[in-house]
Amino acid sequence: MTSPSYPRIYAVVRRIPRGRVASYGQIAKLAGIPGRARQVGYALHALPSGTRLPWHRVINARGAVSPRAHPDEMVLQRLLLEKEGVRFDAGGRTWWSRFGWHPRTRKRLS
DNA sequence: TTTATGGCTGTCA
DNA sequence: ATGACAGCCATAA
């Protein structure tokens with residue numbers, strides 16, 4: 001079925017409210033492609049520069065900003081999150097219990 | 001086509 | 001806690 005996963009991923013990411021964060025795995029699952037967290041990362045990496053997608057609200061399962069090829073992006077991501085009120089500890093990790101995104105019972109609207 | 005590489009994740013030592 | 005391994009599979013070369 002050639003289901004384009006990128007649009008789905010983007011659709012899910014777009015729902016993350018301000019001041020909240022979600023993990024790649026969570027996004028993948030909500031997008032209907034569980035187990036493809038890596039592809040979520042790819043999809044976000046492929047975003048155009050002028051995007052309004054809150055890609056910075058997506059972090060890894062450890063609750064920290066994932067180290068990327070360009071250190072600047074990593075810093076920017078954390079900066080944007082802190083700007084929204086998300087706080088990190090000394091280890092650069094955040095609290096899922098507090099800033100984690102808790103989506104409601106969402107059945108796929110297909 | 002085959003290989004290599006990833007903005008990941010979970011498990012085990 | 002950290003580090004190594006193994007699955008997952010889309011993209012690029």
Side-chain angles (χ1 to χ4, degrees):
Chain A
M1 57 185 174
T2 16
S3 40
S5 42
Y6 277 29
R8 291 181 163 202
I9 292 171
Y10 296 151
V12 174
V13 173
R14 197 173 318 233
R15 302 192 216 183
I16 305 175
R18 200 137 80 43
R20 293 280 159 124
V21 293
S23 73
Y24 295 98
Q26 186 180 359
I27 296 301
K29 190 174 181 180
L30 292 173
I33 54 174
R36 292 178 217 188
R38 247 172 166 166
Q39 266 47 317
V40 172
Y42 265 121
L44 296 181
H45 187 208
L47 285 169
S49 36
T51 184
R52 294 179 220 87
L53 211 66
W55 60 273
H56 55 271
R57 293 179 194 148
V58 184
I59 59 183
N60 63 29
R62 292 171 160 176
V65 174
S66 223
R68 325 183 281 3
H70 295 270
D72 302 344
E73 295 297 299
M74 185 175 129
V75 174
L76 171 65
Q77 179 170 10
R78 177 163 168 177
L79 216 61
L80 289 171
L81 287 176
E82 292 183 319
K83 195 167 160 188
E84 295 187 344
V86 177
R87 300 208 264 133
F88 296 84
D89 63 14
R93 310 203 343 194
T94 190
W95 294 266
W96 286 114
S97 54
R98 182 157 181 185
F99 303 107
W101 177 40
H102 303 279
R104 313 216 162 185
T105 50
R106 52 186 67 299
K107 293 298 188 130
R108 321 224 38 282
L109 307 171
S110 72

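Values below: all heavy atoms of this structure, side chains included; hydrogens, waters and symmetry mates excluded.
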First and last nucleotide of DNA chain C touching chain A, 5' to 3', heavy-atom cut-off 4.0 Å?
dA1(C) to dT11(C)
Can you check nucleotides 4-6 of chain B for protein contacts, nitrogen or oxygen pairs under 3.5 Å, and list what you find?
from	atom 1	to	atom 2	distance (Å)
dT5(B)	O2	Tyr42(A)	OH	3.4
dG6(B)	O4'	Tyr42(A)	OH	3.3
dG6(B)	N7	Arg38(A)	NH2	3.4
dG6(B)	N3	Tyr42(A)	OH	3.2

Contact class for Val40(A) vs. all strands (heavy atom < 4.0 Å): base, sugar-phosphate, or nothing?
nothing
Which atoms form the tightest heavy-atom contact between Pro71(A) and Ala69(A), and what is the distance?
CD-O, 3.3 Å
Which atom pair, heavy atoms only, marks the closest approach of Phe99(A) to Thr94(A)?
CD1-OG1, 3.1 Å
Say you draw a straight line from CZ of Arg15(A) to CZ of Arg20(A); how long is it, rounded to the nearest 0.5 Å?
15.5 Å
Can you tell me how far the CH2 atom of Trp96(A) sits from the NE2 atom of His102(A), to the nearest 0.5 Å?
9.0 Å
Determine whether Tyr10(A) and Thr51(A) make a side-chain contact, defined as any pair of heavy atoms from C-beta on separated by less than 4.5 Å.
no
Restricting both atoms to N or O, compile the protein contacts to nucleotides 11-13 of chain B shorter than 3.5 Å, with distance only.
none

Could you see if Leu79(A) belongs to whatever hydrophobic cluster contains Leu47(A)? Use Ile, Leu, Val, Met, Phe, Trp, Tyr and a side-chain cutoff under 4.5 Å.
no
Are Trp95(A) and Val21(A) connected in a single hydrophobic cluster, I mean Ile/Leu/Val/Met/Phe/Trp/Tyr linked by side-chain heavy atoms less than 4.5 Å apart?
yes
Nearest whole Å is fine: how far is dG7(B) P from Leu76(A) CG?
16 Å
For DNA chain B, the dot-bracket notation using Watson-Crick and G-U wobble pairs below 3.5 Å, [ ] for pseudoknot-type crossings and | for other-strand pairs, is .|||||.||||||
Partners passing side-chain contact (heavy atoms from CB on, under 4.5 Å) against Asp72(A) (at least two apart in sequence or in another chain)
none
Near DNA chain B, under 4.0 Å by heavy atom, which residues of residues 78-98 of chain A?
none
Which residues in residues 17-29 of chain A have at least one heavy atom lying under 4.0 Å from any atom of DNA chain B?
Ser23(A), Tyr24(A), Gly25(A)
Using distance only, find each side-chain donor-acceptor pair of residues 22-44 of chain A under 3.5 Å and give its atom names and separation, not counting sequence neighbours.
from	atom 1	to	atom 2	distance (Å)
Ser23(A)	OG	Gln26(A)	N	3.1
Gln26(A)	OE1	Ser23(A)	N	3.4
Gln26(A)	NE2	Trp101(A)	O	3.1

Distance-only criterion, 3.5 Å: show the donor-acceptor pairs between side-chain atoms of residues 54-64 of chain A and protein atoms not counting sequence neighbours.
from	atom 1	to	atom 2	distance (Å)
His56(A)	NE2	Glu84(A)	OE2	3.1
Arg57(A)	NE	Glu84(A)	OE1	3.0
Arg57(A)	NE	Glu84(A)	OE2	3.2
Arg57(A)	NH1	Ile16(A)	O	2.8
Arg57(A)	NH2	Glu84(A)	OE2	2.7
Asn60(A)	OD1	Arg62(A)	N	3.1
Asn60(A)	OD1	Gly63(A)	N	3.3
Asn60(A)	OD1	Ala64(A)	N	3.1
Asn60(A)	ND2	Ala64(A)	O	3.3

Atom CZ of Arg78(A): over 12 foreign heavy atoms under 6.0 Å:
yes
